[in-house]
Amino acid sequence: MGTLYLTATHVIFVENGSETRKETWVLHSQISSIEKQATTATGCPLLIRCKNFQVIQLVIPQERDCHDVYISLIRLARPVKYEELYCFSFNPKLDKEEREQGWKLVDLNEEYNRMGIPNNYWQISDVNRDYGVCDSYPTEVYVPKSATAHIIVGSSKFRSRRRFPALSYYCKDNNASICRSSQPLSGFSARCLEDEQMLQAIRKANPGSDFIYVVDTRPKLNAMANRAAGKGYENEDNYSNIKFQFIGIENIHVMRNSLQKMLEVCELKSPSMSDFLWGLENSGWLKHIKAIMDAGIFIAKAVAEEGVSVLVHCSDGWDRTAQVCSVASLLLDPYYRTMKGFMVLIEKDWVSFGHKFNHRYGNLDGDPKEISPVIDQFIECVWQLMEQFPCAFEFNERFLIHIQHHIYSCQFGNFLCNSQKERRELKYERINEN
Amino acid sequence: MLAVPGIDLLFSSVPQSAEFRLVPVWLLTLANSSGTITLRCKDLKVLQLEIPGMEECLNIASSIEALSSVDSVMMMYPFFYRPQSLKLEEGWHLFPLQQYFQQIASQVSLEGRDPAMLRSSQPLTGPNRKRCREDEMLLGTVLEEGERGFIIDTRSAQAAKQARMTGGGTEPKSSYPQWRRLHRGRPLQESFIKLVDACNDTAINMDRWLNRLESCRWLSHVKAALSTACLAAQCMDREEANVLVHGAEGTDTTLLVTALAQGLLEREWIKAGHPFHLRCARSAYSHARLKQEAPLFLLFLDCVWQLSRQFPFSLEFGERLLLTLFDDAYASAYGTFLCNNEKERCLCKVKENTHSLWAWLNQPGERKKYLNPLYLPNALVIWPSVEPQSIQLWQGLFFRWIRSSQYLDEAWAEIQRLVEGNEPPVKDSAGNRLSQSLSDPTAQPENGR
């Protein structure tokens, strides 16, 4: 028994206990779905499912009130403009300077410097300074020394969404690197000289090896289907000195369904062990996690053990590519297993490289088919690693849960929008909390 | 060089010279001019020995066979094992039963009647519904006027009914009016074998893994055992009723439940006559499906492990003790788990001629290896979650030889260091808070803003 409050940002339920005032706060941005259930003797139940998997059931005595709450919550949970989001009103009383300092905490230039760049093999390029080449990439990208602006621009025209090969991780011990891109627009027989030169440039940036791996993280069938649409994958005959490898990870729609099924299993009332294990297997969730881990391991081994550079892509290079590059980086470099390093990793491979936070996590009301638990899967991979290597991470499970929570909460400005360009247009940096 | 002196097998020129006393079921393959002997051990280790020379190989194989299947208990290793640090009489009287019952009796008279847990075998009612006045009187004295008791029959209702045909049965309601019967519902050995098979299959992919885990049903058995024990404990704790537990023989699932519900090893399993010799004869690799073989003791240890995961502060001992007990139940240098019951142990003069495992474990140097650094004494009852999500595969046992435990061991060593370095008050407060919330299953976690 208690009182329900709806504010601009939260739903708050306060229990009527006489001694302690127990409050349950739920951010509107955390609400994934609201369901009105059949009226019972006690009242009209409303089931709220949250993006952090919390499930809350409210029983409202009057059907009319319940309907009002339902309609309000639906509107509040689906903001239309960015300005409606929590981060624009959240104000923890830091002054302007402190807030700006917060934004400077993670500096990607500093990170690439830490890796040892720029150097003889890699350089920073401002070819994308006005987002003129690729609007989902950052203004500053790192490319091989021998990749001229002409090669970069030419290659970008041959890549889906113009996402040309760019550096994600560089290993200074052996010069091997992890680069990422989107799929080439090769269809069945198209070629592009500049794109071929781009891959050669990546190879030349690692004198210790005479070939590079090109890893396509899609199932082979999907990649082949893309060829019919004028896209596809790299032909070993056309690109000199590459070894091509498929490591199949399913697409965002399969993942969305997988999560749905797994949540259904978790919501079963008193299942038997068989029901539970069967349900878990049927969802396929762990299979997908394993696929991501396998891909990360393949890339990490190529870099650390073989000293060979890897170019990774999927379709658009902003989902599976991000997952796999960040898992590989975690395996390779202990810096990313510190708290600061982990934040830097997310900032680099997810935020700056244009992972579509807005679309994937439903921050604004949008196409439900774009929603998918991509970063949740990555976070689970991190958790799996923590279980196997408990002493290897500076942070604990609580940190991971906190990050997951805030990706959906929009309490902070870090995970807004779909790309650096959109964020800058919103001028969010000047306004929001970090 | 392979030496086969007596019952131990010693290897040299193997990276860590492996001395193992857990002798096995083995498999011999011969090819060309050399042979491979594959030794599958009861502790789930698998060793492959390549021996040049067919004749040598056959000789060695037959020696191993002879030595690993001695008929007489008194030819077994414990009768020869003489560690320097122990004397023969130690450790056999560590848990005298009279003392235990005296303690309980004094507690009872001080605090009023506490609920009691009893165990037995099935009543021999048979198809003609025989009655036994003495048995009814015995059970009658346990309960006072108006009190209720629960009889937890560890067989399923069907199995219990069928038992009547062969002379056994259940307590009919009319003769035992104050007792209410509850059933629970066991090819446990098959389950164990299938699980170990699945664990050893390193080429497996995720779908098939979950499938095999589900179809071996080991975790279902763990869940069933834990929930039966919880039921018994609930009857005693929540309803303050007396509980009688029995299965068919009173030596298997019965013991599992009573031991779990109370957590007492020596008294329940060993003194009460769990037939270790029969049950733990061959372990998971045996092709001979011995009728009496069943990994019940392992199931018990698995349940204890589940408890230790759910309540990390509540057990004084750690996983290492559980693994040691598993090893020693199947093949040991100590006499503690030999034979099938007290009578047999007396006949073989076990106490006079072998060492007690408890004596070994109790030595200060050994003891600290088995302690749980997070242990905080706590008098509250613990209520585990028996939902499938809460029951996990005991990786420390089933993957023991497949995957290195190096990183987990490192983590435990670090925990030990942290605990030893801490001021006592800090450790207590964190532990108390956690124990309090765990002991009250209705406590809500805090909601974050």
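Naming: A, B, ... by sequence-line order, numbering from 1 per chain. Note that the structure is predicted; figures quoted are calculated from it, not measured. Both backbone and side-chain heavy atoms feed into the values below; hydrogens, waters and symmetry mates do not.
Contact record, B:K223 with A:M273: CE-N, 4.0 Å, taken as the closest heavy-atom pair. Across A:S272 and B:P388, no two heavy atoms sit closer than the pair O-CG, 3.5 Å.
At a 4.5 Å heavy-atom cutoff, the contact between B:E387 and chain A is made by side-chain atoms alone. Looking at A:S274, both its backbone and its side chain come within 4.5 Å of chain B, counting heavy atoms on both sides.
Between the side chain of A:E281 and the backbone N or O of B:N211, at least one donor-acceptor pair lies under 3.5 Å.
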So A:Q388 and B:Y407, side-chain contact (heavy atoms from CB on, under 4.5 Å) or not? Walk me through it.
CA-CA 7 Å; A:Q388 293 194 29; B:Y407 301 105; over 6 Å; no

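Among B:R217, B:E410, B:Q406, B:Q389, the residue making the largest number of heavy-atom pairs under 4.5 Å with chain A is B:Q389.
Around the NE2 atom of A:H402, the shell of radius 6.0 Å holds no more than 12 heavy atoms that belong to other residues, nucleotides or ligands.
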